[in-house]
Amino acid sequence: MKLDLSLYDKVLENRIRLQIMSVLVVNEDYDFNALKELLDITDGNLASNLKALEKAGYIEVIKSFIDRKPNTRYRSTGNGQKAFRDHLAALEKFINSGS
């Protein structure tokens, strides 16, 4: 039996990107420091994975100031939410194909 991986998303095969999208899909938005703490990763690792998701059009960046301090928040886009759901569906099909 040939497995259909048409919904499998190469951008989301990265563990950190999948974790980021998991957080952003269930929350309206999340800020950089909160994501860094939640995922327990370095600034550079988080920044590079956020950039990849932004480049793919899966997240949007919201920059603002809070008490004169810069604050960067991230939100999943409609395309990002669809890609995430499709990717999870592909993974579920793959897992269930072995039974």
Side-chain angles (χ1 to χ4, degrees):
M1 175 174 111
K2 185 167 167 81
L3 185 61
D4 176 19
L5 294 176
S6 62
L7 296 177
Y8 183 78
D9 192 315
K10 294 292 274 179
V11 173
L12 297 176
E13 75 180 0
N14 177 286
R15 175 182 63 88
I16 300 296
R17 290 183 208 142
L18 191 59
Q19 289 175 332
I20 292 168
M21 287 303 296
S22 296
V23 171
L24 296 180
V25 164
V26 297
N27 293 282
E28 185 175 331
D29 57 42
Y30 231 76
D31 74 32
F32 185 90
N33 289 326
L35 273 172
K36 184 177 95 165
E37 185 177 320
L38 178 68
L39 302 178
D40 193 28
I41 57 178
T42 63
D43 287 12
N45 195 356
L46 179 56
S48 64
N49 282 292
L50 285 166
K51 192 63 157 170
L53 290 169
E54 182 184 10
K55 184 178 177 183
Y58 292 174
I59 64 171
E60 62 183 4
V61 181
I62 304 119
K63 294 191 179 259
S64 64
F65 285 90
I66 298 176
D67 295 329
R68 300 173 135 185
K69 292 180 185 175
N71 181 267
T72 305
R73 301 189 71 77
Y74 300 90
R75 176 181 302 148
S76 62
T77 63
N79 286 342
Q81 291 177 19
K82 181 180 182 329
F84 180 77
R85 285 191 305 271
D86 289 349
H87 186 74
L88 288 185
L91 291 176
E92 286 175 2
K93 271 187 179 178
F94 178 72
I95 291 166
N96 293 331
S97 70
S99 51

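Being a predicted model, the structure only gives us computed values, none of them experimental.
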When rounded to the nearest 0.5 Å, the distance separating CG of L12 from CG of D86 is 10.0 Å
Between K10 and E13, the two heavy atoms sitting closest are O-CG, 3.1 Å
Here the gap from S97 atom OG to E92 atom CD, rounded to the nearest 0.5 Å, amounts to 12.0 Å
CG of L35 to CG of D40, rounded to nearest 0.5 Å, is 12.5 Å
**OP:** Could you give me the CA-CA distance, side-chain angles and deciding distance for Y30 and L38, then say whether side chain to side chain contact (heavy atoms under 4.5 Å, CB included) is met?
**Re:** CA-CA 10 Å; Y30 231 76; L38 178 68; 3.9 Å; yes
_Check: L53 main-chain N/O paired with R17 side-chain donor or acceptor under 3.5 Å_ = no
Correct closest heavy-atom pair for F84 and V25 would be CD2-CG2, 3.8 Å
Scanning both residues in full, the closest heavy-atom pair of M21 with G80 reads CE-O, 3.4 Å
Here the gap from H87 atom NE2 to K82 atom NZ, rounded to the nearest 0.5 Å, amounts to 13.5 Å
Heavy-atom nearest pair, F32 first then D43, reads CZ-O, 3.6 Å
Interatomic distance, CG@L46 vs OG1@T42, rounded to 0.5 Å, equals 8.0 Å
Can you give the donor-acceptor pairs under 3.5 Å from side chains of residues 56-70 to other protein atoms, not counting sequence neighbours?
from: Y58; atom 1: OH; to: D9; atom 2: OD2; distance (Å): 2.4
from: E60; atom 1: OE2; to: R75; atom 2: NH1; distance (Å): 3.1

For D31, the side-chain contact (heavy atoms from CB on, under 4.5 Å) test, sequence neighbours excluded, returns N33, A34, N71, R73
The residue among I41, L39, N49 that forms side-chain contact (heavy atoms from CB on, under 4.5 Å) with Q19 is L39
